[in-house]
Amino acid sequence: MAARNAAAWVWGAVGVTMILAALHLGLDPTTPPATRSLTAGVLLVAATVSTVALLPNREDGPWPQNVAGVNLGAMVGLGAAVFTVEPRLLLPAVLAVGLAGVPVVRVGQAAPVLILPLAGLPAFALAARVQMSQDVVGLALLTVVAAVGLSLLLESRLGTAPVSEPARQARADWLTAAVWLIGADLVVVAPALVARLAPGGAVAPLVGGVCALALAGLGLFTGQCTPLALVSGARAGELEGATGPHTPRVPAPR
């Protein structure tokens with residue numbers, strides 16, 4: 001047990017060191033912008049390579065399971081750091097976080113499914129900036145789409161290891177929160193980015209309206225809906241509390 005805890009602490013310390021290095025070297029005003037971006041990119045690649053060591057699914061693997069969770073947290077922090085240094089690295093950072101989530105969902109933990117749609121927050125921040133190049137905005141839109149897709153992929157790989165009832169309920173709550181974050185990405189963030197790419201037109205409101213109608217029709221407003229249940233159409237046409245199209249809104253008195 002002590003060795004397992006020590007491995008997690010060491011992995012976390014390395015992750016924190018990389019995050020601080022990315023912020024210190026990347027935000028140094030005396031460093032040329034190209035060097036800042038290169039520094040952030042190299043650190044992200046190094047962290048991604050270390051994540052690959054956690055991917056083999058063997059019980060006799062060299063790394064204990066708790067290291068995978070620590071690595072995911074470190075990767076999220078490093079992704080935020082490199083985005084702060086270079087906004088163009090948002091997409092690679094999200095892909096790296098998705099990779100780090102694989103060994104976590106394998107043991108039944110749903111945290112990565114919720115974390116990935118949070119990429120909509122920095123993407124929306126880019127859409128709100130007045131002076132932002134079109135290529136960065138386009139990459140941010142691609143990042144939102146990739147984050148949603150990776151979230152669905154990780155849920156499909158979610159392990160079914162037996163867990164306690166509180167843990168099972170917590171996992172259901174995480175998945176429900178994830179599907180609402182995905183809805184926000186598609187209805188709010190994506191149209192905002194489209195509006196920056198095609199200003200003054202009706203494309204952005206159309207995208208938001210179509211996504212909102214599609215999500216509602218696919219069952220977003222049903223209880224404990226998950227991302228996979230939504231996109232698979234398993235809840236299509238359903239409404240919470242209704243048993244059919246003729247169910248009255250107010251139960252008739254007996």
Side-chain angles (χ1 to χ4, degrees), residues 15 18-49 51 72-101 112-154 178 181-212:
M18 296 180 74
I19 294 170
L20 294 177
L23 291 174
H24 177 71
L25 298 176
L27 298 180
D28 186 354
T30 63
T31 305
T35 304
R36 299 180 195 174
S37 301
L38 180 61
T39 300
V42 168
L43 289 173
L44 183 62
V45 170
T48 304
V49 171
T51 298
L72 176 63
M75 190 63 76
V76 171
L78 183 60
V82 299
F83 167 74
T84 303
V85 174
E86 176 53 75
R88 290 179 177 83
L89 291 177
L90 179 59
L91 178 58
V94 167
L95 296 177
V97 171
L99 184 67
V113 183
L114 175 64
I115 290 173
L116 282 165
L118 288 173
L121 293 177
F124 188 75
L126 292 178
R129 291 187 184 180
V130 177
Q131 296 180 345
M132 185 57 61
S133 61
Q134 294 285 87
D135 61 333
V136 175
V137 176
L139 282 174
L141 180 59
L142 182 60
T143 300
V144 171
V145 176
V148 171
L150 287 172
S151 182
L152 295 170
L153 178 62
L154 289 182
L181 283 176
I182 289 175
D185 285 346
L186 297 178
V187 176
V188 179
V189 179
L193 294 169
V194 171
R196 291 297 304 272
L197 295 174
V203 179
L206 183 62
V207 169
V210 169
C211 288

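Smallest separation of non-hydrogen atoms from T143 and A119: CG2-CB, 4.4 Å. I182 and P117 get closest at one heavy-atom pair: CG1-CG, 3.7 Å. Between A93 and L44, the shortest heavy-atom distance links the atoms N-CD2, 3.8 Å. Listed here is the closest heavy atom pair of A123 and V189: CB-CG1, 4.0 Å. Listed here is the closest heavy atom pair of G138 and L197: N-CD2, 3.9 Å. In terms of heavy atoms, L25 sits closest to T31 at O-OG1, 3.8 Å.
Atom CG of D135 is separated from atom CG of L142 by 12.5 Å, given to the nearest 0.5 angstrom. Distance CG/L72 to CD1/I115: 4.5 Å, rounded to 0.5 Å. We find the CG-CG distance between L114 and L154 to be 12.0 Å, quoted to the nearest 0.5 Å.
Residues L116 and V97 form a side-chain contact, since some pair of their non-hydrogen atoms from C-beta on lies under 4.5 Å apart. Residues S133 and R88 are in side-chain contact: their nearest non-hydrogen atoms beyond the backbone lie under 4.5 Å apart. Contact of the L150 side chain with the L95 side chain is registered, since non-hydrogen atoms from C-beta on lie closer than 4.5 Å. Contact check for T48 versus L99: side-chain heavy atoms found under the 4.5 Å cut-off.
Checking side-chain atoms of R196 against main-chain N and O of R129 turns up a donor-acceptor pair under 3.5 Å. Not a single donor-acceptor pair under 3.5 Å links the side chain of S151 to the backbone N or O of A147.
Evaluated for a side-chain contact (heavy atoms from CB on, under 4.5 Å) with L126, the options L139, L141, V136 yield exactly one hit, V136.
Checked against side-chain contact (heavy atoms from CB on, under 4.5 Å), V85 has the following partners two or more places apart in sequence or in another chain: L27, R36, A40. Listed by chain and number, the residues in a side-chain contact (heavy atoms from CB on, under 4.5 Å) with A192 are F124, A127 (sequence neighbours excluded).
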